[in-house]
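First the structure, in the form of structure tokens, and then the observations on it.
Throughout, protein chains are lettered first and strands after them, A, B, ... in sequence-line order, and every chain is numbered starting at 1.
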Amino acid sequence: MKLIYTDSLVVGAGLAGLRVAIASKERGLDTLVLSLIPAKRSHSAAAQGGMQASLGNTVKGMGDDEDVHFQDTVKGSDWGCDQDVARMFAHCAPKAVRELANWGVPWSRVSAGPRQVIVNAQKVTLQEAQQAHGLINARDFGGTKKWRTCYTADGTGHSLLYAMDNKAIAMDIPVHERIEALALIHDGKRCHGVIARCLITGELRAYVAKSTTIATGGYGRIYEVSTNAIICEGIGQALALETGVAKLGNMEAVQFHPTAIVPVGILTTEGCRGDGGLLRDKDGYRFMPDYEPDKKELASRDVVSRRMTEHIRKGKGIDSPYGAHLWLDITLLGRKHIETNLREVQEICENFLGIDPAKDWIPVRPTQHYSMGGIRTNATGESPQLKGLFSVGEAACWDMHGFNRLGGNSLAETVVGGMIIGKYVADFCENNSLEIDTQLVEQFMQQVQSEIDVLIEGDGIESAFTLKHEMQRIMMDYVGIFRNGPELDKAVAELKVLLERSRKLGLKCKKRHANPELVEALRVKRMLKVALTVACGAAARTESRGAHAREDFPQRNDRDWLNRTLASWPDPDALEPVLNYEALDVMKMELPPGYRGYGINNAIAHPDTAKREQQITEILAELGDDADRYQRQRAIMPFELPESLQPNNERLSDTLTSPSANALGEKS
Amino acid sequence: MTDVTRVKKKVSSPLSHPWSAKADWLQSATGILLGLFLLLHMHFESSILLGKEAFYQVVQLLEGGIFSSSGHGFPIVTQVFSVFMLLVVMLHAALALRRFPTQLGQWRALRTHMHNIPHRDTHAWFWQLVTGFILFFLIPAHLFTMILNPEIGPHLSAERVYHDNAWLLYALLLPAVVIHAMIGLYRVALKWGLSSRRAALGNVAKILIIYLLCLGAASLITYLFIGSELGTPIQPFVPKQ
Amino acid sequence: MSQGRQLSFNIFRYDPQEPDDKPKMIRYQLTETPGMTVFIALNKLREEQDTSLQFDFVCRAGICGSCAMVINGFPTLACRTLTAKYPKGDITLMPLPGFELIGDLSVNTGKFMRELAERLKLWLHPKANDSDVHRLEDPMDPVEAARLYELERCVECGVCVSACATKQMRDTFVGAVGMMKIARFEMDSRDARTAEDFYHVIGNQDGVFGCMTLLGCQDNCPKDLPHMQQIAYLRRKMAMTLI
């Protein structure tokens, strides 16, 4: 039995995982990262548009701060998020952006003077301040009050991932590539590491660690068409689920991105609309202002996706062999802008559609894009059920996104979450000892070994590929943008049948080393359980919140559903998860549930909402007028952070009002 | 203090060797020199196309005729210049040897690579490699002839070409040197970023190759005709007064 | 939709871990569907005809650089290569040369790139020790930032390495990817290294002075990176360092 020991074990080498690894290594801990693929190939690289951080350097970002970012995030989540976490996040986002600049990210910078942009299909000239020249720029994204999305052209994720991995290489952090974690080693209370398989040699290894951090991304590939990389199959969530102890949060919260190209489902960034792109129907008509007169194309993602689907259902879509779609028009941005700031989009259009986006409209439709749900953690990133198990990034339900994530907040979550949780992981490793129970390790090793033996030597007849396709079709057809009871029940029933069939999987290729069919078989069993948590969670939640839109329950129901779905799988032989719920305490919220600003305000209020609003008014009145925004915030909802991340963020607006900056102001 | 450590670093690191920079630079410089010389050489030598008189004048001019009382120039100029060119060629060849696939494995790797991934500029370089190898033998042969027997003139050169069968040497030398030099000039321009207009450079190189080949072939044929018309023993050409 | 044409795939097959296996080319037939890419085709072949077929895809959108292979003599990203590009319907797939073969079309580019990064120290060496993340960031010339991003677009797919005859002949040669990254950090005003420091890393026969300007890198790069200009720039810079 091959045993490898370390202090801090990280599964997944995307941005979040690497950031945690760096935080561990910074504290002198032995750190090791496992990855299915080379780190720089992780799906983080695909994030094009940018990450949100309230730097407020550009003129359209002036007046932005943590408070505004926090409010946007909470509203965007349709009040489903953990407000403490959203606060921690908003506070640290500017720090993460600046840290990454120190690590080599060539953020796009502000140029002083006039700058022409497109806002609401009109050419507008912005005047950037002299003092802002060379500071980090930001673009507009959906669902935000200010221009807050920091970017490097349209390859932000790529730049960030490369800088992050370079930092990890500089720190000599080993990344074991082409290794797949297949089971968590645990004793029901504490997690001790993972059993993993080398995808080249087929060797099984036990990685034993003080802390195990799962940063494996989302579970988009349980859907047939997804913008996600093909490795985003929810195996990280399945690892936690299969412990029977750890719980997954809000798995039914699945985001559909409005503009993925048809048919392959590759994303065109929200930056297209942020920079001024429009959505058009089969008549070339710009329809979004009819539905959302205020935010138009830049309404929150879930809203735009639903409006597009509604519009297609009205017969306004363009027919294609792959179903109806709509148009994304970025021709009005001009060739120069497209060739510099939207280059990836241009390449994708040329290579996959054979069109020139500076001349032609892009065929798009809403497509599965992001998993708000994941391994439920507390604010420090640790599983409340399994000590030593941490999760971060899209893999986790740290829960800053609730039921809908804002564009630019996912990339931000990876690096900000990684920054914060990395410190807590390091604390954990410093405060806990390595416990090696070889018998326990052997037991889990044996379990995985026999699972593989059965697949290779057993007499199963089911094809992993077939089961996967069927699961993906069910999720597409019945657990999509609009959901309803009968279809969700059907999905659950059919998925259960698939799960049962997955126990009789058989392989044609009998190799024990590099064997793609074996990999597929091991994954599909796990994916089915994840898919069931999504379908069951969606079937049980009889309200509409954020991306979870029930046709039979169109109202947001704070009275009965202001809670987080928790799914666990205590009985390995069961065919469905056990669901229970964690209430969100309105009396502790900084921003009690309210109107999100889209469509009609028909939410069923929570009985505590009015009470809490009253209480907040009183607290603020008590503080008096001279309390600054930090004091006011602390009085309403104090939140914790590692000490080194607590200082306030300096902004250009702070320096502008200081006496020394006045001199500068006169010059301009 | 820092200087000391820097020197140390240079010595201790097997990767960085100041010679590699010098060698690369020198190879390019000698290459440019030889290439430009070839362009001139080809034109001087093809003045025969304008008649014996023209060629005679060019030779006399280049051999320093204006400094001699007879106006006939000094063949030693040719000799000295040939020795100099031979040295330059040797230096260029020695530097270029660094690029040659010296082991069988490297040669095989190159052939396999060119077969699996056909690529125009790599093929062009391959032809440079082949022609370079040929030139390694032919240029010294040409230059030794000029050193040992430096007399140049419409009749004397024709004698060499026709009666001494040097046309065989020139028929091989001409395409080899033209191809090698023009591709070389194209590559050296890109290599150091003297120009980044690659397509234009490529076209110029192509046109020059065709042009020089025609020019050279025409002169060679002219010499063959002149040679065939001459009776032995050869009398040097004397211009009409 | 009308019935698609028949595609004929000629695929390199070899499992180096199988003791008796020998490299061979095997032919597969597949019906083309509209918009089919080599990514779609290979997955279909694996699912329907041979489940042991090895290849690497991750993003399938031309972003991650996992899937480079030699398609009809051109090293390129398979995920964004449309089968419609080949009028004869004959498609030959070979693994990327110059890398450790894992099996069939799968090669270990990740290991290569990590080793290269360690050897050439391909990360930012900041001038100041991490400046304060709570304070306003240091300004950077917007033009410089844009220029750096242009060079950052490399996806480490390995195409430039496989398309370089020099690299194929001399294993120790750093190849275009290494030089492009050095050029990127050399241009970065935040990097503390001097031209002399870079000279020690690539001012040699295995580095910029070993490059013969064959330009296989530039001609095949799926991201159209300006290898020619950048390597020429480095060569001038390094040669000047010496003088």
Side-chain angles (χ1 to χ4, degrees), chain A residues 37-38 40-41 43 45-46 95 98-99 101-104 106-111 133-136 152-153 155 158-159 162-163 166-167 169-170 175 177 200-201 229-231 263-264 266-267 321 340 344 347-348 351-352 465 507-509 511 513-517 647-652 655, chain C residues 1 15 17-18 34-35 37 46-47 50-54 56-66 80 82 102-103 106 108-111 113-114 117-118 121-124 126 130-142 144-146 148-149 152-153 155-156 185 188 190-191 223:
Chain A
I37 51 167
K40 287 193 173 82
R41 312 233 185 277
H43 188 51
K95 303 181 199 305
R98 287 165 178 169
E99 178 177 76
N102 296 337
W103 292 356
W107 294 110
S108 293
R109 304 286 174 142
V110 177
S111 291
H133 186 78
L135 296 180
I136 295 168
T152 54
H158 171 89
S159 283
Y162 272 51
N166 289 344
K167 178 79 179 168
I169 295 171
V175 178
E177 291 172 7
I200 300 176
T201 64
I230 57 169
I231 53 165
V264 282
I266 295 169
L267 183 74
T340 49
E344 296 296 335
E347 271 188 17
I348 287 166
N351 289 311
F352 294 94
F465 300 109
L507 303 185
K508 289 195 191 109
C509 176
K511 284 183 200 173
H513 60 272
N515 178 350
E517 194 186 9
N648 294 336
N649 298 306
E650 186 186 43
R651 284 190 180 75
L652 185 62
T655 59
Chain C
M1 259 179 286
D15 182 350
Q17 291 182 79
E18 208 55 57
T37 58
R46 181 193 273 171
E47 286 166 23
D50 189 338
T51 57
S52 68
L53 185 59
Q54 292 185 62
D56 295 318
F57 287 97
V58 177
C59 75
R60 63 81 182 83
I63 293 166
C64 75
S66 298
R80 61 178 212 189
L82 295 162
I102 293 173
S106 170
N108 207 335
T109 46
K111 187 176 159 193
M113 295 298 169
R114 170 92 189 205
E118 286 171 358
K121 306 204 183 315
L122 298 177
W123 56 82
L124 189 82
D130 284 10
S131 50
D132 190 348
V133 296
H134 313 298
R135 315 262 321 174
L136 211 60
E137 65 273 14
D138 295 329
M140 179 191 249
D141 179 10
E144 181 193 336
L148 288 178
Y149 175 69
E152 278 240 327
R153 295 176 65 250
V155 294
E156 298 193 354
F185 290 112
D188 195 323
R190 295 166 297 187
D191 201 289
K223 294 284 157 184

Take a 6.0 Å sphere around NZ of A:K511 and say whether it holds more than 12 heavy atoms from other residues, nucleotides or ligands. yes

What part of C:A146 gets within 4.5 angstrom of chain A, counting heavy atoms only: side chain, backbone, both, or neither? neither

On a heavy-atom basis, which atom in C:R80 and which in A:F352 lie closest, and how many Å separate them? CB-CZ, 3.3 Å

Please round to the nearest 0.5 Å and tell me the distance separating atom CD of C:E152 and atom CG of C:D188. 8.5 Å

Rounded to the nearest 0.5 Å, what's the gap from CH2 on C:W123 to NZ on A:K167? Could you check? 10.5 Å

For C:K223, is it the side chain, the backbone, both or neither that has a heavy atom under 4.5 Å from a heavy atom of chain A? both

Checked A:N649, A:V110, A:I231, A:I169 vs chain C; the most non-hydrogen pairs under 4.5 Å come from A:I169

Okay, A:T201 and chain C: the region with an atom under 4.5 Å from a heavy atom over there is both

Contacting moiety of C:D138, where chain A heavy atoms sit under 4.5 Å: backbone

How far does CG of A:L507 sit from CD of A:E517, to the nearest 0.5 angstrom? 4.5 Å

Go through the atoms of C:R190 and report whether side chain, backbone, both or neither lie under 4.5 Å from a heavy atom of chain A. side chain

Given heavy-atom pairs under 4.5 angstrom as the criterion, report whether the side chain, backbone, both or neither of C:L122 touches chain A. backbone

Any donor-acceptor pair under 3.5 Å from C:E137 side chain to A:I136 backbone: yes

Would you mind telling me which of C:E144, C:M140, C:H134, C:E18 has the largest number of heavy-atom pairs within less than 4.5 Å of chain A? C:H134

Quick check for you: among C:L136, C:I63, C:D141, C:I102, which has the greatest number of heavy-atom pairs under 4.5 Å with chain A? C:L136

Non-hydrogen atoms of chain C under 4.5 Å away: do they reach the side chain of A:H43, the backbone, both or neither? neither

C:T109 vs A:R41, side-chain hydrogen bond (donor to acceptor under 3.5 Å, both in side chains): CA-CA, chis, key distance, verdict: CA-CA 11 Å; C:T109 46; A:R41 312 233 185 277; 2.9 Å; yes

Going from NZ on C:K121 to CG on A:N166, what distance comes out if it is rounded to the nearest 0.5 angstrom? 13.0 Å

Counting heavy-atom pairs under 4.5 angstrom with chain C, the leader among A:P38, A:P647, A:A163 is A:P647

Between CE on residue C:M113 and CD on residue C:E156, distance to nearest 0.5 Å: 5.5 Å

Quick check on the interface: out of C:A145, C:G62, C:G35, who has the most heavy-atom pairs with chain A under 4.5 Å? C:A145

What part of A:I266 gets closer than 4.5 Å to chain C, counting heavy atoms only: side chain, backbone, both or neither? both

Among C:L148, C:D56, C:L82, single out the residue with the greatest number of heavy-atom pairs under 4.5 Å to chain A. C:D56

Relative to chain C, which segment of A:I37 carries a heavy atom at a distance below 4.5 Å: side chain, backbone, both, or neither? side chain

Which atoms of A:V175 come close to chain C, meaning under 4.5 Å heavy atom to heavy atom: side chain ones, backbone ones, both, or neither? both

What residue, out of A:R651, A:E347, A:K508, has the most heavy-atom pairs lying under 4.5 Å from chain C? A:E347

Is C:D15 in contact with chain A via its backbone, its side chain, both, or neither, using a 4.5 Å heavy-atom distance? side chain

Assert top hit (heavy-atom pairs under 4.5 Å, partner chain A, pool C:V155, C:T37, C:L53) equals C:V155

Output the option from C:R114, C:Q54, C:E118, C:R46 having the highest count of non-hydrogen pairs under 4.5 Å with chain A. C:R114

Could you pull out the closest heavy-atom pair between A:A229 and C:C59, with the gap in Å? CB-CA, 3.9 Å

Using a cut-off of under 4.5 Å on heavy-atom pairs, state which of A:P106, A:C509, A:S159 scores highest against chain C. A:P106

Where does A:K95 contact chain C at under 4.5 Å (heavy atoms): side chain, backbone, both or neither? both

Between C:L124 and A:W103, is the side chain to side chain contact (heavy atoms under 4.5 Å, CB included) condition met? List the steps. CA-CA 6 Å; C:L124 189 82; A:W103 292 356; 5.9 Å; no

Correct closest heavy-atom pair for C:R60 and A:I230 would be CG-CG2, 4.1 Å

Distance from A:H158 atom NE2 to C:Y149 atom OH, nearest 0.5 Å? 6.5 Å

